[in-house]
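Reckoned from all heavy atoms, side chains included, excluding hydrogens, waters and symmetry mates. Sequence lines set the chain letters: A, B, ... in the order given, protein chains first and strands last, and positions in each chain run from 1.
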Amino acid sequence: MGKTRSRSQRKGDRGTMLLLPTWLVLGGLLLLPLLILLGTSFHPPDDVGNPQAISNWSQFFHSGDWAHNYVQSVRPIYLRVAWRSLWLAAITTGLCLLIGYPVSFYIALIAPQRRKNLLLALAVIPFWTSFLIRISAWRIILQDRGALNALLLHLHLIYEPLRLMDTPLAVLIGLVYGELPFMILPVYASLEKLDRTLLEASSDLGASGRGTFWRVVWPLSMPGVAAGCVLVFIPGIGQFIVSDLLGGSRTMLLGNLVQNQYTSGRDKPLGAAIALELTAAVLAMLIAYAIAAKRRGMEVAL
Amino acid sequence: MKHRWLLIHSLGVYVFLYGPILLLAALSFNRSPIGATWTGLTFNWYAKLFSDADIIDAAQRSLLIAAGATAVASVLGTAAALALSRPGTRGRGPTAGLLYLPIIVPEIVTGCALLTFFSVWRWELSLWTVGLAHISFSVSYVAIVVRARLAGIDRTLEDAAQDLGASPRAAFWRVTFPMILPGVVAGALLVFTVSIDDYVITSFVAGPASTTLPLRIASMVKTGLTPEVNAVSTLLLGLTMILVLVAQRLLRGPGEGSHI
Amino acid sequence: MDIAIDIRAVTKRFGEVTAPVTAVDNVSLSIGRGEFFSLLGPSGCGKTTLLRMLAGLEHPTSGSILLDGREMAGVPPHLRPVNLVFQHYALFPHLNVAKNVAFGLRYQGVARRDENARVAEALELVRLGGLENRRPDQLSGGQKQRVALARALVLKPKVLLLDEPLGALDQKLRKEMQVELKALQKRLGITFVFVTHDQDEALTMSDRIAVMNAGRVEQADAAATVFERPRTLFVAGFLGAANLIDGFIVRPEKLSLRLESAPEGGAFLSLPVTVEDRVYQGINTIWTVRLDDGKRLTICQQNTEPFDVHAGAAGEKRHVWWDKRHAVYLDEKGLDAG
């Protein structure tokens, strides 16, 4: 007698079938390309920058040529770019925390109930619109003939336009601008979950407003802060648009570096290598965060 | 009021977030083509949009790609979300990982990977390559939104329907599907906006004849010669904001809404 | 009475101008030092709101509250000499038991090195010694409640406010805690203000009880007085059951069923009734009988004699007896109330 499948097993089978098309499509459009990218990162470039076919495989392996691109990728000029990306992402994270936390605090703990959804939506909606357009708006503000300079000149605070475009400062402003909602949301989520009676208890036991904040609110909002920092930092190092539009050639970040190799730099395999190193770094950081969060019993609020 | 400074700070942040957008919109009506000083009201730039063939073509391409990608992604993403919410489904962990991949991997990397992928298969870069690329990251968004929606739904309702005589398929279509429909539509709207706005990945996989609207806007911004860019940007921003607002409304629906 | 808390004509209104809710309506009470004072009433009667006003977590719309003769208006919670044990304990999840209990000590100027001793002392008081390093999520309901208690007591408050602290415990634990709390209060001599909706609890533990209904205090007296001499129908009905007969109240357990009527001029009075229903409950039997004018009475008699003796089947005629001293006469106001 054949083994009949239980109802829940049949449900599971149906579920698995539903997943097949997704696996086909995403596997083919994500996993496969990434693997191929990995493959090309080992090839040397040809004259136009495409990965060159290997004629002699054994010689290729033994001579160590296969690692050529990766070795190249850690040359000082490229390391400087990586360092700059990390630095800027870190400062961006710090600024987003400083600027965003009070907003989350206000919405979660002070704003009247009926306004909360509206305020939160307002903070989040920009995120869903075109990043490109929003950053290009900053060009209008920061240019020599832009709005900011026009205003400062008009108020006689300066007498010559400030050189703001194509500077790390401009990139920083753009990064903070783009990533701020990523900090506000998770911090809001963890503050919203805060048991209000804990605040009352703290007050009852003698803590002033500030005491209650540092001893109760801040520690309990840590999961949200951690999630926010991760959500700001990790996309921050892979940024492309901000530095492309606001940073010029002088503030090149990893994203621009990779794109460069694919266009004027004429070295796609090197670009691939750098891109994959970037991905590996991102994955490593995410895994480290997940492990740390699980160890502390925090929910991974991503 | 006790928290005066917090309120002022928060207002300041909102001004910071919306200021550039409002400035952009305001300048799109500015008579002067350059600079940021107001010289007078005009609808000129908007009018010019309609005679700018490059922009019209780019817009049409963007809409076409977005519609196609949204359709495919909605179906796949909803299916994936349903599958993931069934306890018996095999491979749920890896699937969740696969769905998060486009979000974790930097867009630059995805762009390079897809470009390399297409060149290995010797596919010419065209609207099709762009469409496929958009599908690759859209499925995840729909899956995540629908999954969140499913989490808030009582799954025993489907069992109750079957107990009352409905076949499993009928139970799904008559009970579960109507409940997740707002989530599916919201996910579709969001994916539509993401697709229309996509720049980085598209820039890698678009051919010379498949310039989408964001690509066109980017080149207009960089050359700085065509002032209609403010107008078209404002229009695009307006459109996506409306779509996002509708999506938010749908998600808020009966009871708890998930914020994205 | 040495007055620890003086509540003077306190009113609290919530809500918008269009739909205001009066949670506490012109309440005046005096609570003596060292008293175990309970605020008793159904949900929504305002007892918790009143308690929170004592703690400073709400502000009276009008009226004033004095602690030890000091006006408390404008004094924030963290500066008041009272402490509150919250209904759901409000233990800080990110701190262990010791740090929870020690939380308020630094605001009393206690040096860090002395904290441990004070914490140990408080935990001993509530019989939780040894659990210093546990975290709240590792504690049972009863243990959490004791930690909340210890955290308040360690600060040696003059007044301890307790907001239905035993509500989430099971019956057996509840009864144990009632005894413990009462003993603790006697030992420490602190004034306790205890909020509960359970009349048995209030009667067991309190020196005095204020029975509240819809924001008002219906009666505030010694526990036995509130029970034996209720002043309104509501109070009579809330603390036990009450039969309303022609302007006075008799409790069911004070009624008895006999075949014959009571003799004239004696200690007892009686009325003819028709038996309607009878429910055997082990220790007691509950009878529902009907007077000639149609009004129903409930009788609760202990089954001290074999069941058959009281037998009165539905439809049979009997007489209901009560001792004249057990009839509580309500004035006009009391009859209207409740």
Side-chain angles (χ1 to χ4, degrees), chain A residues 8-9 11-12 15-16 18-19 21-23 25-26 29-30 32-34 36-37 40 99 102-103 105-106 110 117 120-126 128-134 136-141 145-147 150 180 238 240-241 245 255 258-259 262 271-272 275-276 278-279 282-283 286, chain B residues 3 6-7 9-10 13-14 16-18 20-21 23-24 27 34-37 76 79-80 82-83 86 88-91 95 98 101-102 104-109 112-117 120 132 135-136 139 190 193 197 199-200 214 217-218 221 233 236-237 240-241 244-245 248 252 259-260:
Chain A
S8 60
Q9 279 181 313
K11 265 191 164 188
T16 312
L18 280 173
L19 283 183
T22 305
W23 270 94
V25 172
L26 286 188
L29 287 176
L30 281 177
L32 201 51
L34 282 171
I36 294 180
L37 188 70
T40 63
I99 299 177
V103 182
F105 186 91
Y106 177 78
I110 299 176
N117 274 324
L120 208 56
L122 280 179
V124 168
I125 286 176
W128 285 98
T129 60
S130 169
F131 194 58
L132 174 72
I133 295 179
R134 290 188 294 137
S136 70
W138 274 99
R139 280 175 72 106
I140 301 177
I141 298 177
R145 276 209 262 200
L180 202 49
F240 169 72
I241 291 181
L245 288 187
V258 170
Q259 192 243 19
Y262 268 77
L276 287 161
L278 174 62
T279 311
V282 165
L283 278 172
L286 277 173
Chain B
H3 301 281
L6 270 177
L7 180 60
H9 172 90
S10 302
V13 170
Y14 281 104
F16 176 63
L17 283 178
Y18 283 90
I21 299 175
L23 182 64
L24 183 68
L27 283 179
I34 51 167
T37 34
L76 287 178
L82 286 168
R86 279 174 209 264
T89 313
R90 282 177 286 285
T95 308
L98 184 65
L101 214 50
I104 293 176
V105 173
E107 286 193 292
I108 277 284
V109 180
C112 295
L114 283 168
L115 176 62
T116 312
F117 177 69
V120 158
L132 283 174
I135 291 175
S136 79
V139 177
L190 290 172
T193 59
D197 287 336
Y199 172 66
V200 181
I217 291 178
V221 167
S233 299
L236 190 53
L237 272 181
T240 52
M241 275 201 203
V244 170
L245 274 171
Q248 283 252 8
R252 202 117 46 82
H259 26 72
I260 313 145

>> Quick check on the interface: out of B:Pro106, B:Pro102, B:Ala218, B:Ala113, who has the most heavy-atom pairs with chain A under 4.5 Å?
In response: B:Ala113

> What is the distance from atom CG of B:Leu24 to atom CZ of A:Arg139, rounded to the nearest 0.5 Å?
Replying inline: 12.5 Å

>> With chain A as the partner, which of B:Thr240, B:Val120, B:Ile108 has the greatest number of non-hydrogen pairs under 4.5 Å?
In response: B:Ile108

>> Run A:Phe131 and B:Asp197 through side-chain contact (heavy atoms from CB on, under 4.5 Å) and show every step you take.
In response: CA-CA 8 Å; A:Phe131 194 58; B:Asp197 287 336; over 6 Å; no

> What part of B:Pro20 is in contact with chain A, defined as an atom under 4.5 angstrom from a non-hydrogen atom: side chain, backbone, both or neither?
Replying inline: both

> So which heavy atom on B:Pro214 is nearest to which on A:Leu132, and how close?
Replying inline: O-CD2, 3.3 Å

> Checking A:Ile99 against chain B: side chain, backbone, both or neither under 4.5 Å from a heavy atom?
Replying inline: both

> Distance from B:Phe117 atom CZ to A:Leu30 atom CG, nearest 0.5 Å?
Replying inline: 10.0 Å

> Relative to chain B, which of A:Thr129, A:Ile36, A:Leu32, A:Val25 shows the most heavy atom pairs under 4.5 Å?
Replying inline: A:Thr129

> When rounded to the nearest 0.5 angstrom, what distance separates CD1 in A:Ile133 from CG in B:Leu237?
Replying inline: 4.5 Å

> Is it the side chain or the backbone of B:Phe16 that comes within 4.5 Å of chain A heavy atoms, both, or neither?
Replying inline: both

> Can you name the nearest heavy-atom pair linking A:Pro102 to B:Ser10, along with the distance?
Replying inline: O-OG, 4.1 Å

> What closest approach, in Å, do B:Val109 and A:Ala275 show between heavy atoms, and which atom pair accounts for it?
Replying inline: CG2-O, 3.4 Å

>> For a quick test of reading the model, state the closest non-hydrogen atom pair linking B:Leu114 to A:Leu29 and the distance between them.
In response: CD2-O, 3.4 Å

> Among B:Thr95, B:Ile104, B:Leu236, which residue forms the greatest number of heavy-atom pairs with chain A at distances under 4.5 Å?
Replying inline: B:Thr95

> Would a distance-only check, ignoring hydrogens and angles, find a side-chain to backbone donor-acceptor pair under 3.5 Å from B:Tyr18 to A:Leu122?
Replying inline: yes

> How many angstroms lie between atom CH2 of A:Trp138 and atom CG of B:Leu23, to the nearest 0.5 angstrom?
Replying inline: 9.5 Å

> If you round to the nearest 0.5 Å, how far is CG of A:Leu34 from CG of B:Leu101?
Replying inline: 6.0 Å

> Nearest heavy-atom pair of B:Thr193 and A:Trp128: which atoms, and what distance?
Replying inline: OG1-O, 4.1 Å

> To the nearest 0.5 Å, what is the distance between SG (B:Cys112) and CG (A:Leu278)?
Replying inline: 10.0 Å

>> I need the residue from A:Gly238, A:Pro126, A:Ala272, A:Gly271 with the largest number of non-hydrogen atom pairs under 4.5 Å to chain B.
In response: A:Pro126

> Considering residues at least two apart in sequence or located in another chain, which fulfil the ring-ring contact (aromatic ring centres under 6.0 Å, His included) criterion with A:Phe105?
Replying inline: A:Phe213

>> One pair to check against side-chain contact (heavy atoms from CB on, under 4.5 Å): B:Val105 and A:Val282. What are the steps and the verdict?
In response: CA-CA 8 Å; B:Val105 173; A:Val282 165; over 6 Å; no

>> Just to verify, what does A:Phe240 make a ring-ring contact (aromatic ring centres under 6.0 Å, His included) with, not counting sequence neighbours?
In response: none

> Between B:Ser136 and A:Leu26, what is the shortest heavy-atom contact and its length?
Replying inline: O-CD2, 3.3 Å

>> Heavy-atom pairs under 4.5 Å with chain A - which of B:Val13, B:Leu115, B:Leu245 has more of them than the others?
In response: B:Val13

